[in-house]
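All residue numbers refer to positions in the sequence shown, counting from 1.
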Amino acid sequence: MNHNPMVDAYIEKAQAFARPILVKLRSLFHRACPQIEEKLKWSVPSFEYQGMVGGFAAFKNHVCWGLWKSALLDDPTGALQTRAASVMGAGKIASVKDLPPDKVMLDLIRQAVKLNEQGVKLARPKPAAKLAPRTPADLAGALRSHPKAAGAFKAFPPSHKREYIQWITEARQPATPQRRLEQAVVWISEGKQRNWKYMPARKS
């Protein structure tokens with residue numbers, strides 16, 4: 001077996017109750033894929049073959065394990081408990097007896113290995129784009145009085161709009177919002193974003 005000394009050390013340092021669980025999980029990964037490689041990733045043991053397969057982690061009172069592409073696996077018994085891509089996604093284990101049967105575990109690991117062999121990628125959901133907050137009435141009124149600023153503000157991406165709106169609305173002193181509003185109109189008319197002073201100068 002391709003045992004990594006760093007994983008040996010990790011198991012040796014684990015709580016006494018956890019060691020038999022870690023040894024068992026380690027054995028299952030190697031039985032399912034004799035070519036699997038052991039590494040430490042995120043400071044916990046991971047098992048890789050043509051990409052991440054899975055891993056485990058020991059804590060004070062429990063052990064967690066999981067498979068990286070769990071969302072893509074056929075798991076009729078619910079052994080993984082979650083479809084999250086994680087080496088800790090299969091619940092908390094306090095005893096070897098808490099683990100699913102070997103047959104179930106081996107099948108799941110082999111499915112994960114096969115996905116890697118086939119080059120199947122785990123799709124990552126794209127974060128939702130943040131929309132600009134609603135333009136406050138005082139800023140909207142100031143922009144209507146300055147068509148150039150209004151046009152520039154309309155063309156700004158949501159992040160630039162948000163910076164100006166937050167700068168104006170989060171002022172603490174009573175006189176500050178009006179002062180910032182007047183300054184904002186000047187900068188916006190010039191097409192400048194709120195933090196333009198801190199942006200690197202453009203090369204001509």
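Nearest heavy-atom pair across D107 and D74 is OD2-O, 4.4 Å. Between A79 and L108 the shortest heavy-atom distance is CB-CD1, 3.8 Å. Across S70 and L80, no two heavy atoms sit closer than the pair CB-CD1, 3.6 Å. Heavy atoms only, all atoms of each residue included: L73 and A112 are closest at CD2-N, 3.7 Å.
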Tabulate below the donor-acceptor pairs under 3.5 Å that side-chain atoms of residues 138-158 make, not counting sequence neighbours, or state none.
residue, atom, partner, partner atom, Å
S145, OG, G141, O, 3.3
H146, ND1, A142, O, 2.9

Quiz: residues 56-63 side-chain donor-acceptor pairs under 3.5 angstrom, not counting sequence neighbours:
none

Could you list the donor-acceptor pairs under 3.5 angstrom formed by side chains in residues 91-102, with sequence neighbours left out?
residue, atom, partner, partner atom, Å
S95, OG, K97, N, 3.2
D98, OD2, A94, N, 3.1
D98, OD2, S95, N, 3.1
D102, OD1, K24, NZ, 3.0
D102, OD2, K24, NZ, 3.0
D102, OD2, R31, NH1, 3.2

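Residues that satisfy the salt bridge (Lys or Arg N to Asp or Glu O under 4.0 Å) test with E190, not counting sequence neighbours, are K192. Applying the side-chain hydrogen bond (donor to acceptor under 3.5 Å, both in side chains) criterion to E182, with sequence neighbours excluded, gives Q178. Remark: K121 engages no residue in a salt bridge (Lys or Arg N to Asp or Glu O under 4.0 Å) (not counting sequence neighbours).
With F47 as the fixed residue, the ring-ring contact (aromatic ring centres under 6.0 Å, His included) test singles out one of W68, W65, F29: F29.
The local environment of CD in Q173 is sparse, with at most 12 non-hydrogen atoms from other residues, nucleotides or ligands closer than 6.0 Å. The number of heavy atoms from other shown groups lying within 6.0 Å of CD (E37) does not exceed 12.
One hydrophobic cluster, built from ILVMFWY side chains closer than 4.5 Å, cannot hold both I168 and V185; they sit in different ones.
If you take SG on C33 and CD on E117, they are separated by 7.0 Å, rounding to the nearest 0.5 Å. Distance check, rounded to the nearest 0.5 Å: CG of L67 to CG of L72 gives 11.0 Å. Here the straight-line distance linking atom OH of Y49 with atom CD1 of I109 works out to 15.0 Å at 0.5 Å rounding.
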Working note: R26 + I11, criterion side-chain contact (heavy atoms from CB on, under 4.5 Å); need CA distance, chi angles, decisive distance, verdict. CA-CA 10 Å; R26 187 186 202 182; I11 294 174; 3.8 Å; yes
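The shortest side-chain heavy-atom distance between H3 and H30 falls under the 4.5 Å cut-off. Put simply, the side chain of E163 reaches to within 4.5 Å of the side chain of N195, judged on heavy atoms. Looking only at side-chain heavy atoms (C-beta outward), Q111 and D75 stay at 4.5 Å or farther from each other. H160 places none of its side-chain heavy atoms less than 4.5 Å from the side chain of R194. Contact check for P45 versus E38: no side-chain heavy atoms found under the 4.5 Å cut-off. With contacts defined as side-chain heavy-atom distances shorter than 4.5 Å, the pair K41/E48 qualifies.
Between E12 and R19 there is no salt bridge, since no side-chain N of the basic residue sits under 4.0 Å from a carboxylate O of the acidic one. A salt bridge does not link K13 to D8: none of the charged nitrogens lies less than 4.0 Å from a carboxylate oxygen.
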